[in-house]
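Counting starts at 1 for both ligands and their atoms, in listed order.
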Amino acid sequence: MMINTDRKILNSKEIFQKALKEKYAIGAFNISNLELIQAIVEASEEMQSPLILQVSQKAKEYIGNNYLYKLVEGALFSSTIPIVLHLDHGESFDTCKECIDMGFTSVMIDGSKYDFEKNIELTKQVVDYAHNFGVSVEGELGKLSGVEDDISIENIDAIYTDPDKVKEFIERTGCDSLAVAIGTSHGAYKFKNEPKLDLKRLKKIKDLVGQDYPIVLHGASSVLSDLVKLNNDFGGKIEDALGVPEDILIEAIKLGVTKINVDTDLRLAFSGAVRQYLSQNKSEFDPRKYLSAGRNSVKELVKRKIKIFGSENKA
Ligand code: G3H
Ligand code: 13P
Ligand code: ZN
């Protein structure tokens, strides 16, 4: 089965080239259910922003391939903006191949847990297959690590992306974009104290790869304090959560980040609104009611992201 509408999903090439020229970033939003996809697509349509819908392996399993096709078809039927369907953190050649064969237009092969040579070999294998079908490939060099990893100044160079290796990685793999490690991490607990990214490293990488090569920032949720508070005010217990402040994201975009991955903020927005709804409407048990609250909250958040990323009216 392939995704079937008159309107095609696109690979990321065109939207990245326009973003690079005009120095804005495109949000890559993780989907895992109907309400998230509706919220993200509606927000992007209203803002006339190009959109990367991304699905992790776990989310793909959660939704199921048959439902995923129809959700993406629904997104295409309901909107006019350019949409890319991207596999987030593909772990193996087989998973990437399965998604390419299904009609994904972009895949990430995450070889960051392997050594340099093995990462190159795996990424190149995916690129060689993907390019036969016009599918874009995102690679990753360097490791994203969370607060629990306790990174010391001495081991930063072993974890963050080595700018001197980046060009060789891109040349030998042929990957179309590269995710870099400069201090972000996945989830809601990104920093112990002050949020800080290694923007000097990002600038160095960008200078080496060239201004027209797309760099990707994972783990880029801002973990907005209002959203954390909303969860905690209505029964949640999310403590010491810290994300990447929006002003740092704006700096990173100025330095040339082209794709920004967001999942945690969507989860916080959705869960906070659902918690609030249920706790303020104790006799209500219609899922459409509380899921609408979650959907509206995510939609507002995505609009805010699009403004920060600068992709409004770029569709
Ligand atoms: O990068 C990780 C994304 O947030 C996806 O998370 O594997 O729990 O779906 P997941
Ligand atoms: P966050 O956990 O910061 O939202 O990052 C998501 C991500 O990088 C998905 O690949
Ligand atoms: Zn990620």
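- Nearest approach of Ile215 to Gly256, heavy atoms of both residues: CB-O, 4.1 Å.
- In plain terms, the two heavy atoms of Leu20 and Tyr213 that are nearest each other are CD2-O, 3.9 Å.
- Those atoms of ligand 1 with a heavy atom of His186 less than 4.0 angstrom away are 1 (O), 2 (C).
- Using a cutoff of 4.0 Å between basic side-chain nitrogens and carboxylate oxygens, Lys314 and Glu312 are not scored as salt-bridged.
- For ligand 2 and Asn30, the ligand atoms under 4.0 Å from any heavy atom of the residue are 9 (C).
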Original post:
Passes salt bridge (charged side-chain N to carboxylate O under 4.0 Å, His left out), Glu61 versus Lys58? Steps please.
Top reply: CA-CA 5 Å; Glu61 275 163 32; Lys58 273 195 259 167; over 6 Å; no

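- Distances from ligand 2 to the non-hydrogen atoms of Lys190 include at least one value under 4.0 Å.
- Pairing each heavy atom of Phe104 with each of Val135, the nearest pair is O-CG2, 3.4 Å.
- Summary of contacts: the protein heavy atom closest to atom 9 (O) of ligand 1 is Ser56 OG, 2.6 Å.
- For ligand 2, the atoms closer than 4.0 angstrom to any heavy atom of His89 are 10 (O).
- From the protein, the heavy atom lying nearest to atom 7 (O) of ligand 1 is Lys58 CE, 3.3 Å.
- Protein heavy atom at the shortest distance from atom 8 (O) of ligand 2 is Gly219 N, 2.8 Å.
- Of the protein's heavy atoms, Asp263 OD2, 2.7 Å lies nearest to atom 4 (O) of ligand 1.
- When distances from the Zn ion (ligand 3) to the N, O or S atoms of His218 are compared, ND1 comes out shortest.
- A 6.0 Å sphere centred on CD of Glu14 holds no more than 12 heavy atoms belonging to other residues, nucleotides or ligands.
- Close approach to Ser221 involves these atoms of ligand 2, each under 4.0 Å from a residue heavy atom: 1 (P), 3 (O), 4 (O).
- Per-residue contacts place His218 under 4.0 angstrom from the following atoms of ligand 2 (heavy atoms of the residue considered): 8 (O), 10 (O).
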Original post:
Passes salt bridge (charged side-chain N to carboxylate O under 4.0 Å, His left out), Lys259 versus Glu138? Steps please.
Top reply: CA-CA 10 Å; Lys259 171 175 179 268; Glu138 175 183 323; 2.7 Å; yes

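- Cation-pi geometry between Lys165 and Phe116 is met: the NZ or CZ atom falls under 6.0 Å from the ring centre, inside 45° of the normal.
- Considering all non-hydrogen atoms of both residues, Tyr189 and Asp240 come closest at CD2-O, 3.5 Å.
- Taking the six-membered ring for Trp and the full ring otherwise, the centers of Phe309 and Tyr24 sit at least 6.0 Å from each other.
- The distance from ligand 1 to the heavy atoms of Asp88 drops below 4.0 Å at these ligand atoms: 1 (O), 3 (C).
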Original post:
Run the salt bridge (charged side-chain N to carboxylate O under 4.0 Å, His left out) check on Glu22 and Lys18 step by step: do they pass?
Top reply: CA-CA 6 Å; Glu22 298 181 29; Lys18 185 164 148 61; 3.4 Å; yes

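- For atom 1 (P) of ligand 2, the nearest non-hydrogen atom from the set Val216, Val244, Thr264 comes from Thr264.
- Heavy atoms of His89 found under 4.0 angstrom from ligand 1 belong exclusively to the side chain.
- Atoms of ligand 2 lying under 4.0 Å from at least one heavy atom of Gly187, given by number and element, are 2 (O).
- The shortest contact between atom 6 (O) of ligand 1 and any protein heavy atom is with Arg267 NH2, 3.2 Å.
- Here Lys60 does not pair with Asp88 in a salt bridge; the nearest charged N to carboxylate O distance is not below 4.0 Å.
- Annotation: His186 places an N or O atom under 3.5 Å from an N or O atom of ligand 2; distance criterion only.
- Of the candidates Leu266, Asp263, Val262, Asp88, it is Asp88 that places a heavy atom closest to atom 9 (C) of ligand 2.
- The minimum distance between the Zn ion (ligand 3) and any N, O or S atom of His89 involves atom NE2.
- Of the heavy atoms in Ala220, only backbone atoms (N, CA, C, O) come closer than 4.0 Å to ligand 2.
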